[in-house]
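Below, each value reflects all heavy atoms present in this structure, side chains not excepted, and no hydrogens, waters or symmetry copies. Quick caveat: nothing in here was measured; it's all calculated off a predicted structure. Letters A, B, ... mirror the listed sequences (proteins, then strands); counts begin at 1.
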There are 2 protein chains.
Amino acid sequence: MVKRENSKVTIYDVAREAGVSKTSVSRYLGGRYDELSDKTRKKIELAINKMEYRPSTMARGLKSNKSYLIGIIVADINNPYTTAILRGAEDICSQNGYNLMICNSDNNPVKERGYFEMLLSHRIDGLIIHTTGGNHDMLKQMQDQKTPIILLDRKVPDLEIDTVGLDNFQATSQAVNYLVNQNYERIAFFSEPASKVSTRYERRLSFQQTLLGQGHPSSKDVYEVNVDDLNDVDSKLQHFLDDSEGKARVILTANSVVLLKLILLLQEKKLSVPKDLAMIGFDNPEWSTIVYSGITTIEQPTYQIGVAAMEMILRRIDGHESPAQTMAYQAKLNIRQTTPYIQK
Amino acid sequence: MVKRENSKVTIYDVAREAGVSKTSVSRYLGGRYDELSDKTRKKIELAINKMEYRPSTMARGLKSNKSYLIGIIVADINNPYTTAILRGAEDICSQNGYNLMICNSDNNPVKERGYFEMLLSHRIDGLIIHTTGGNHDMLKQMQDQKTPIILLDRKVPDLEIDTVGLDNFQATSQAVNYLVNQNYERIAFFSEPASKVSTRYERRLSFQQTLLGQGHPSSKDVYEVNVDDLNDVDSKLQHFLDDSEGKARVILTANSVVLLKLILLLQEKKLSVPKDLAMIGFDNPEWSTIVYSGITTIEQPTYQIGVAAMEMILRRIDGHESPAQTMAYQAKLNIRQTTPYIQK
DNA sequence: TTGTAAGCGTTATCAA
DNA sequence: TTGATAACGCTTACAA
């Protein structure tokens, strides 16, 4: 049992234990073995293991102007979409010797702002952000400081920033065309407010354009709901139900949070899916396979998106220079039980 | 538009801009206004704002031997249980000027070990861990370095460490008693392997003891499944189904992951819940309210657990000394549609 | 009230 | 092949 006096061992302690200079230890740490005699190397190795020494990232960072920290601000950590991306990003991140600082803005610009400040103070080497859309000045500030930024999913106007996300136009039109071909007479689009969030905006726009292109009457069946207010969701839902009474109808939700709330309300109303109303939703939460024997979903390659965002930012950190890029992934339509074919 | 040459502003830049010394700026940052003349203070304030200066946590940390970083290693970031805890922990954390480093071990001891190394290198001020149970030596090492640790949910033997989690005995026996009173003749307990995970072990033990105490025949209906192998789950499920054929029966799952897999299989088998088989599960994922018109669950105060763990570790970081504590929260039984009363 | 200088744990430069 | 020494951005004695 080693008796330990001071809790954190430093490079100096190791040097003393090994009977060499700090410089030699540093060389060892940097893997520059060609600058070390075998004897010295062995001594250092021994000392490091004996003392359980680990170099301080902080001290290293101070010297090298790198923190080995990558910040990621997500809008909603409760969303399975988010956690899947996090896993992808994290895997790549730690494989490359970086650490992730995960921050959850809860879709709140004020919280988001606070995290910006913190991350800036920690001198993160890069930022991946699923932005609330409310802090463009902060993004600009970070850009000014030459910190690479990758936008996840949601774009921001007027700023040249790399973006990784879904091809919302392809995804939405694919789904809408499918629904039209299934002979639905009324197709509603339910989304959270789209004003500041590009993803929602693009999906809505594509929804309308596709229907217009098909000469379908539903391009006006667009509803914006506040998911934190079930009454609001309820009244919008009821409006669509009344308005489409007797028709073959379906609801397309812009994400799984909206989907969940709607299902909750439909069950309260004792409406059955797909008999009274068909359903399809963006995202592909685990539970979508067990509700209604399987809900038709528009699945994003979430893990892959996380991987791509992290790979992109690591490239930027390594000094890769090029104009801002946008990577848009294709969605996959999972046809399940909630969108049956309607006989005319 | 300010032209910026060097990207990161330092305390020295601010001092020069304000025409004072670094020391004065440092005093300002530390809020020691009584050591500053009004005039100096104003000048510094101006310079800081103009230059968008933010002190470097790294440099500060190096000097003060604090990183303002708290590590949290979770076993499964996909689990809603985990994200709820994360939200609680994070709220308190950022309120106190700390930042969270979230690591996801994926229940893999090797990954967990890697994160230990990294967090140790970052000189985190504290660690909250939902441990895989495979790296006790690392926990000990961290303790030796005087880094406060809080165990989340899962205890480890032989080590004196604060623990925050659920009162698994109360929770399980409450549920089992409820099921016995609902007149179920066969009650099965489905869990992931319990050997290294105290939570699973305690729940299983309590399950068996409670049934034994009631003189109920099901204390042997205990199944351990590997959720990553659906065939394994299927064969265990089938075993119980065959064995309990014709009886009023119910399955209690030790977490929502197991619950989800079982439901998937039941649907494949075209079995209906609760008619053919009743269900109840630990955790209370959002989707439990919409599947089978509501699944009966044993809900943990997850957000509160996250809050408590973070508060506890902050107290330790602030130097609070006392023997290791255990905080066990009470569970709440949400009685819904999947566990109806059985007429004898 | 202000400033000079040393030091935190590293790495890099330079000289030996 | 080695080791002093300075420097990174900050805080804190200590001095003025």
Checklist outcome for this item: B/S/- along nucleotides 7-16 of chain C (protein heavy atoms under 4.0 Å) is BBBBBBB---

Next on the checklist: Under the side-chain hydrogen bond (donor to acceptor under 3.5 Å, both in side chains) test against A:Thr83, which residue among B:Asp76, B:Asn79, B:Asn104, B:Asn78 passes?
Outcome noted: B:Asn78

Checklist entry - Does B:Val197 reach the side chain of B:His130, with side-chain heavy atoms less than 4.5 Å apart? => result no

Item to check | Distance-only side-chain donor-acceptor flag, B:Gln325 / B:Arg315, under 3.5 Å | outcome: no

Checklist entry - Do A:Tyr53 and A:Ile44 have side chains that get closer than 4.5 Å, going by heavy atoms? => result no

Checklist entry - For the side chain of B:Ser198 and the backbone of B:Lys155, is there at least one donor-acceptor N/O pair under 3.5 Å apart? => result yes

Next on the checklist: Any salt bridge linking A:Lys111 with B:Asp91? Criterion: basic side-chain nitrogen under 4.0 Å from a carboxylate oxygen.
Outcome noted: yes

Item to check | A:Arg16 CZ to D:dT2 C1', straight-line distance once rounded to whole Å | outcome: 19 Å

Next on the checklist: From CD of B:Glu35 over to P of D:dA15, roughly how many Å is that when rounded to an integer?
Outcome noted: 16 Å

Next on the checklist: When you compare the side chain of A:Asn96 with that of A:Met310, does any pair of heavy atoms fall below 4.5 Å?
Outcome noted: no

Checklist entry - Just wondering, do B:Asp13 and B:Arg16 contact through their side chains at under 4.5 Å, heavy atoms? => result yes

Next on the checklist: Between P on D:dT1 and OH on A:Tyr28, what's the gap in Å once rounded to a whole number?
Outcome noted: 17 Å

Next on the checklist: What residues from residues 38-46 of chain A pass a heavy-atom cutoff of under 4.0 Å to DNA chain D?
Outcome noted: A:Thr40

